[in-house]
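Working notes, structure below.
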Amino acid sequence: MVARVIPVEAFDLVIFGGTGDLARRKILPGLFRRFQAGQMPPEARIIGAARAEHSDDEFRALVADAVAEFMPKAAQDKEALAAFLQRLSYVAIDAKGTQGWSQLKETMRSDVVQAYYFSVAPALFGDIALRLTDNGIAGPDARIVVEKPFGRDLASARALNETLAKHFTESQIYRIDHYLGKETVQNLMAVRFANILFEPLWKSEYIDHVQITVAETVGVNGRGAYYDKSGTMRDMVQNHLMQLLCLIAMEPPYHFDPDAVRDEKLKVIRALDPVQPQDIVRGQYLGGGGEGSYLEDSENPHSRTESYIALKVAISNWRWKGTPFYLRTGKRLRARASEIAVTFREPPHSIFDDAEGWRENVLVIRLQPDEGMHLMVMIKEPGPGGMRLTQVPLDMSFATALGPEAAEVPDAYERLIMDVIRGNQTLFMRGDEVEAAWAWTDPIIEGWEARGDRPQPYDAGTSGPEDALMLMHRDGRRWREIK
Ligand code: BG6
């Protein structure tokens with residue numbers, strides 16, 4: 001099945017931090033892919049902005065290198081790449097000073113969509129927002145895009161929101177959580193709300209528990225200094241895992257519309273119970289096999305920052321009372337594997353004698369790699385041996401069901417940047433949502449800091465610390481294997 005491509009309106013997209021890591025890895029290669037797919041109208045332009053002096057051609061060469069490095073397959077299309085590069089220009093700009101702003105003003109057109117991507121440290125958000133508005137550069141419908149980390153606690157997130165609100169309205173602010181741009185994450189909403197099949201069972205009466213796993217094989221080397229101040233709770237749970245939890249747990253919105261969806265997610269976050277110390281396991285990876293330990297990678301030999309966390313979370317509302325959500329995520333684990341597994345309860349009464357063969361129904365939503373879904377169901381084991389039960393998957397891997405093109409899932413950033421141009425905020429976080437997520441996260445972090453807890457060491461290449469297994473075992477449950 002070939003994806004339908006609907007071109008977006010003409011735009012001027014300015015990327016502050018246009019030569020930085022995120023721009024090189026994700027934003028610019030992602031824009032090239034959208035160009036290649038035919039989604040960019042001929043009038044679309046992309047303007048890199050950063051402090052260093054570069055000519056337009058130097059910036060283009062840098063982008064060509066980035067595309068070759070991070071999207072080597074796409075970069076083979078030399079003709080398309082050359083045409084794409086013609087859309088690019090560069091302005092040297094000082095976020096805290098006067099240099100470059102009048103040039104940027106001359107560059108921007110007022111009759112196309114204006115988008116400003118703040119791919120810079122949050123400390124610069126206020127300076128850039130101020131100069132864009134004070135210099136009369138940003139038009140009344142301009143959009144700004146901001147990246148995580150959006151604050152490191154409730155107070156700093158609130159301060160950032162207040163700073164941005166001085167210059168832009170909420171409907172102009174696009175806070176990115178790139179997990180929302182992942183194809184399967186959006187599919188979660190399609191599965192829940194475009195089918196009658198699951199929704200009647202989607203409650204604690206029928207669902208025993210939910211597991212959300214985001215396992216990574218990478219460590220933190222190269223970004224240890226940032227990571228050590230953040231840790232897994234702030235880097236992954238407060239945003240990405242929280243968003244996944246919301247999409248699983250939220251009530252059906254009245255429409256697939258930005259505020260309708262975000263209102264429902266917000267209600268879930270507000271209904272989260274505080275997490276008790278016995279329901280938290282934190283870990284730190286050890287070295288081995290030529291790879292450094294967390295303590296080496298973070299260059300902080302005394303660090304108590306976690307590179308792994310597992311939590312048992314309860315949602316206090318009618319739908320979910322009695323159904324725990326188990327969340328875990330970590331670095332240097334056995335495999336890169338992210339999935340959500342919804343485990344259903346036992347049938348109320350079994351008419352079969354084969355109690356041993358029975359297993360729970362599980363709906364597994366696989367985010368990465370091999371995106372897809374499968375539903376584990378019980379059937380009769382084939383053969384004349386009587387009524388023996390066995391479990392099989394009803395499998396819907398996207399690559400098999402939709403053809404090989406579907407396996408070429410667009411990167412989350414491609415989708416999200418196009419949504420900015422389209423003016424659709426559904427997959428972006430609203431200010432109150434981010435604050436509510438921090439309001440839940442803060443006491444958890446403050447709790448372990450006050451207790452002086454140390455993370456448990458775990459061997460790289462495993463599924464994490466032993467205690468994380470116990471978190472489930474003591475409830476008579478087990479984690480799914482990471483593979
Ligand atoms: C980022 C985190 O937001 O997400 C990283 O800062 C993490 O630490 C990354 O590795 C994971 O994203 P993905 O898309 O590779 O699952």
Side-chain angles (χ1 to χ4, degrees), residues 17 20-27 29-30 33 69-71 117-122 145-152 157 174-188 212-245 247 282-285 291-292 294 297-298 303 305-309 327-340 365-372 408-417 427-429 434 437-438 441 445 455 460 464 482-483:
D21 196 53
L22 182 73
R24 291 180 57 252
R25 269 172 200 279
K26 296 286 184 185
I27 306 173
R33 287 252 303 210
E69 186 175 350
F70 298 109
M71 279 197 183
Y117 200 126
F118 293 16
S119 178
V120 295
V145 185
V146 292
E147 271 290 335
K148 71 176 266 271
F150 199 84
R152 65 182 322 275
Y174 290 71
R175 293 178 195 78
I176 286 205
D177 181 316
H178 80 280
Y179 266 57
L180 290 176
K182 288 187 190 277
E183 198 65 13
T184 327
V185 176
Q186 295 165 56
N187 236 311
L188 203 57
I212 303 181
T213 301
V214 176
E216 298 185 272
T217 50
V218 292
V220 304
N221 47 342
R223 60 199 287 256
Y226 151 76
Y227 199 90
D228 205 45
K229 289 202 195 72
S230 164
T232 309
M233 188 72 188
R234 290 189 173 97
D235 184 55
M236 296 293 288
V237 178
Q238 185 270 347
N239 35 72
H240 305 326
L241 275 84
M242 177 74 77
Q243 290 296 323
L244 300 180
L245 173 101
L247 296 179
R282 292 162 70 232
Q284 224 179 42
Y285 60 82
E291 304 275 12
Y294 177 82
D297 287 350
S298 67
S303 175
T305 302
E306 75 285 355
S307 63
Y308 174 100
I309 194 160
L327 275 45
R328 66 178 162 165
T329 177
K331 308 259 183 228
R332 281 277 155 78
L333 296 178
R334 178 176 297 138
R336 177 171 188 256
S338 301
E339 62 172 40
I340 299 169
I365 300 137
R366 180 89 171 169
L367 307 182
Q368 57 196 27
D370 39 80
E371 290 82 355
E408 298 227 343
V409 178
D411 186 76
Y413 279 88
E414 296 179 41
R415 162 73 198 248
L416 294 175
I417 299 170
L427 300 177
F428 296 82
M429 290 176 301
V434 178
W438 281 120
T441 309
I445 297 177
I482 296 178
K483 58 179 183 193

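Just so we're clear, the structure is a prediction, and the values are computed from it rather than from any experiment. Start at 1 and go down the list; that is how both ligands and their atoms are numbered. Quick note: residue numbers are just sequence positions, from 1.
- Proximity to Q368 (heavy-atom distance under 4.0 Å) selects the following atoms of ligand 1: 13 (P), 16 (O).
- Put simply, the residue from K331, R336, R334 that forms a salt bridge (charged side-chain N to carboxylate O under 4.0 Å, His left out) with E216 is K331.
- Under 4.0 angstrom from ligand 1, there are no non-hydrogen atoms of E147.
- Between Y174 and F428, the ring-plane angle classifies as perpendicular under the 30° and 60° cut-offs.
- Judged purely by atom type and a 3.5 angstrom limit, R175 uses its side chain to pair as donor or acceptor with the backbone of M429.
- Here the protein heavy atom with the shortest distance to atom 16 (O) of ligand 1 is Y179 OH, 2.5 Å.
- The two residues Y285 and V220 make their nearest non-hydrogen contact at OH-N, 2.9 Å.
- Within ligand 1, the atoms closer than 4.0 Å to a non-hydrogen atom of K331 are 5 (C), 7 (C), 8 (O), 10 (O), numbered from 1 in the order shown.
- The shortest contact between atom 12 (O) of ligand 1 and any protein heavy atom is with H178 NE2, 3.2 Å.
- Of all atoms in ligand 1, numbered sequentially from 1 with element shown, those under 4.0 Å from a heavy atom of K148 are 1 (C), 2 (C), 3 (O), 6 (O).
- Neither the backbone nor the side chain of K26 has a heavy atom within less than 4.0 Å of ligand 1.
- No side-chain donor-acceptor contact under 3.5 Å links Q284 to the backbone of P455.
- The closest non-hydrogen atom to atom 13 (P) of ligand 1, taken over E216, H240, K182, comes from K182.
- Ranking the protein heavy atoms by distance from atom 6 (O) of ligand 1 puts D235 OD1, 2.6 Å first.
- In this structure, the protein non-hydrogen atom closest to atom 15 (O) of ligand 1 is R336 NH2, 3.4 Å.
- R24 has a carboxylate O that lies under 4.0 Å from a charged side-chain N of E69, or vice versa, which qualifies the two as a salt bridge.
- Side-chain atoms of S230 never come within 3.5 Å of backbone atoms of Y226 as a donor-acceptor pair (strictly under, hydrogens ignored).
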